Amino acid sequence: MSDIRTNEEEGKKSLNFIEVFVEKDLAEGKNGGRIQTRFPPEPNGYLHIGHAKAICLDFGIAEKYNGICNLRFDDTNPVKEDVEYVDSIMEDIKWLGFHWNEVYYASDYFQQLYDFAVALIKTDKAYIDELSAEEIARQKGTPTQAGENSPYRNRPVEESLDLFRRMNEGEFEEGRMTLRAKIDMASPNMHFRDPIIYRIIKHPHHRTGTTWKVYPMYDFAHGESDYFEGVTHSLCTLEFEVHRPLYDYFIDSLKTDDYRPRQIEFNRLNLTYTVMSKRKLLRLVKEGLVNGWDDPRMPTICGFRRRGYTPQSIRNFVDKIGYTKYDGVVDMALLEHAVREDLNATSTRVSGVINPVKLILTNYPEEQVEMMEAVNNPEDPESGSHEIAFTRELYIERDDFMEEAAKNFFRLAPDKEVRLKSAYIVKCTGCKKNNNGEIEEIYAECDFATKSGMPESSRKVKGTLHWVSASHSIPAEVRLYDRLFTSENPSEEKDKDFTELLNPDSLQVLTNCRVEAFLKDARPYDHFQFQRIGYFNVDPDSTGGKLVFNRTVSLKDTWTKVKDKA
RNA sequence: UGUCUCAUGGUGUAAUGGUAGCACUGCAGAUUUUGGUUCUGCCUGUCAAGGUUCGAAUCCUUGUGAGACAACCA
């Protein structure tokens, strides 16, 4: 009986508040039962994980309710925009595994928007203002104080019409005049205080070139674009909440039928130890503080890709954090858990020795080579196995040996036994140090009866070490990434320049690492779990036999636990 | 001294008037040829005060706290 209840509960996953709205609209038969969303980035930077959250929602809602989702570039400000960004945005959406119905550009609607603006002027709902930016700011008032009317507010319609036309013909310099909607300078909502809807920009547009000299502002372009396309649910982040009345106002002035798009706001993603502002990310790139937009320390989608995150792990993460109207900060641990969960199930286990020291098996024949069978992934019985060469001289992790073992250390130490993963149990007999007191070689004896697969191999020993053969392993470069920022919430540290919060140790490059020969055939973005260390992926920089790995994420606290206890 | 929005463990969320649940984190323990994985257990929560109700996280009132809005950005 309890089984039946469990099944019922599992099948009924709770809806987020947006899905509740959507289902209600559907139940009420709004828009003829049609569902249409859009993902509307401005092509002025690369997509980051915050966008991934919006993408999952926009495309996810469409998919769930048999609707469509279009990609629309909100390209109304030519000064900041570029085709480079258009291309990267499309690539990143595809990588996440989503498919848009159509690609649109707000710039496709410049003529329609211009015509709409002219119509507003003709009905005396817009006028050309000649106040400067400073003067407009001054007469706009403050949130708690009403604004004043512009002296140009009651300019004759014909005059505004004429000036608007001449503005677009390039007769006036940038900033000389603007087109403002005539609404209410005393409105408690600042956005209703005669918002600017068109300004002069002479910078060529990446798609329309120099055709236009006036460009619509966001508030004037966004809702109208939604309307032109037939969007039913226009999902955006919380900071646009105050814009919604204006969004509705313009659409009401435009619409001629029952259809109307509906704006719904959700909480933007904030992650600990991360800045998400495009402006700041652009600065990191421009000032060379990181190696480009796809630097694995960046919170960009391409950065995560290069770091070795899988699309599925990002989607699972977004699924876990949900959509609400509460502005919080998500712990990075949640993202990292999603990655480990996905990679644990799929990545091939290999041996990589990050900080090698030689281990010599004094009773093992000098020239002998045994091929040991290494399981590819114990989580996946279908994944098979590969071979790894075992010889007299091996490399093991320097941290896996202690001359005087601490209480909770159960790896290699004089007179102690450990298992060499997939091979033999060995007993440490001593070590050799150089003049500086550093350990140069460790000696051990092999217990030949304990080879993996043999009856004696079931003997229990406390520790299991990963290793590679000194003569068969290949050198590699390993890049260990830490948090880019030292502050848990760099976006909140308002007094500081955020670059002061950069973590100088955020990138460590290790070049004397040794990895098993199996990896020489690995291809860029292949991901592996280095036994007991972490998840790594092959960096696309790996060329000409040089192998470069990025650490995607460490294994859960493996190393710190040991250090704390020792 | 404005308008709008929000408030559930340390974090992110669910419960849509009917037993406050899930995930992450943390801490214990079991299993383990990865100190990984897996499994088990534990810690920790409805911002406050009133009201409505048989019954309130949920509805109402007041208070408190947080965020957004004063770009010719989106």
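None of these values were measured; they are calculated from a predicted model. In the text below, chain A, chain B and the rest are named by the order of the sequence lines, each starting its count at 1.
For A:H337, a side-chain nitrogen or oxygen approaches OP1 or OP2 of B:C24 to under 4.0 Å. Dashed line: the shortest gap from a side-chain N or O of A:R532 to OP1 or OP2 of B:G35 is under 4.0 Å. In this structure, A:S422 does not reach the B:U33 phosphate: none of its side-chain N or O atoms is under 4.0 Å from OP1 or OP2. Taking 4.0 angstrom as the limit, A:K460 places a side-chain polar atom (N or O) nearer than this to OP1 or OP2 of B:U33. Under 4.0 angstrom from either OP1 or OP2 of B:A74 there lies at least one side-chain N or O belonging to A:R199.
In this structure, A:F410 places its CZ atom 13 Å from P of B:U32, rounding to the nearest Å. Atom CZ of A:R138 and atom C1' of B:C72 are 16 Å apart (whole Å).
For A:K80, whose side chain is taken as the heavy atoms from C-beta onward, the closest listed nucleotide among B:A14, B:G2, B:C73 is B:C73. In this structure, the nucleotide among B:G35, B:A70, B:G36 sitting nearest to the side chain of A:R411 is B:G35. Ranking B:U16, B:C72, B:A23 by closeness to the A:M217 side chain, first place goes to B:C72. Checking B:G36, B:U33, B:C72 against every side-chain atom of A:Y535, the shortest atom distance belongs to B:G36. Of the listed nucleotides (B:A70, B:U34, B:A71), B:U34 has the atom at the smallest distance from the side chain of A:P378. Considering only the side chain of A:N267, B:U13 comes nearest among B:U13, B:A74, B:U25.
Residue contacts shown for A:T324 are limited to sugar-phosphate atoms, with no base heavy atom under 4.0 Å away. Within the 4.0 angstrom heavy-atom criterion, only backbone atoms of the sugar-phosphate kind lie near A:T464; the bases stay farther away.
Applying the 3.5 Å distance criterion, the base of B:G36 shares a donor-acceptor pair with the side chain of A:E379. Evaluation of atom-type donor-acceptor distances gives no pair under 3.5 Å for the side chain of A:R340 against the base of B:G36. Evaluation of atom-type donor-acceptor distances gives a pair under 3.5 Å for the side chain of A:Q529 against the base of B:U34. For B:A74, its base sits under 3.5 Å from the side chain of A:H243 at one donor and acceptor pair at least.
Annotation: B:G29 and B:C43 have their C1' atoms spaced 15 Å apart (nearest Å).
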- What string of B, S and - do you get for nucleotides 3-11 of chain B, 5' to 3', when a contact is any protein heavy atom under 4.0 Å? S-SSS---S
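Put simply, CZ on A:R411 and CG on A:D399 are 7.0 Å apart, with the number rounded to the nearest 0.5 Å.
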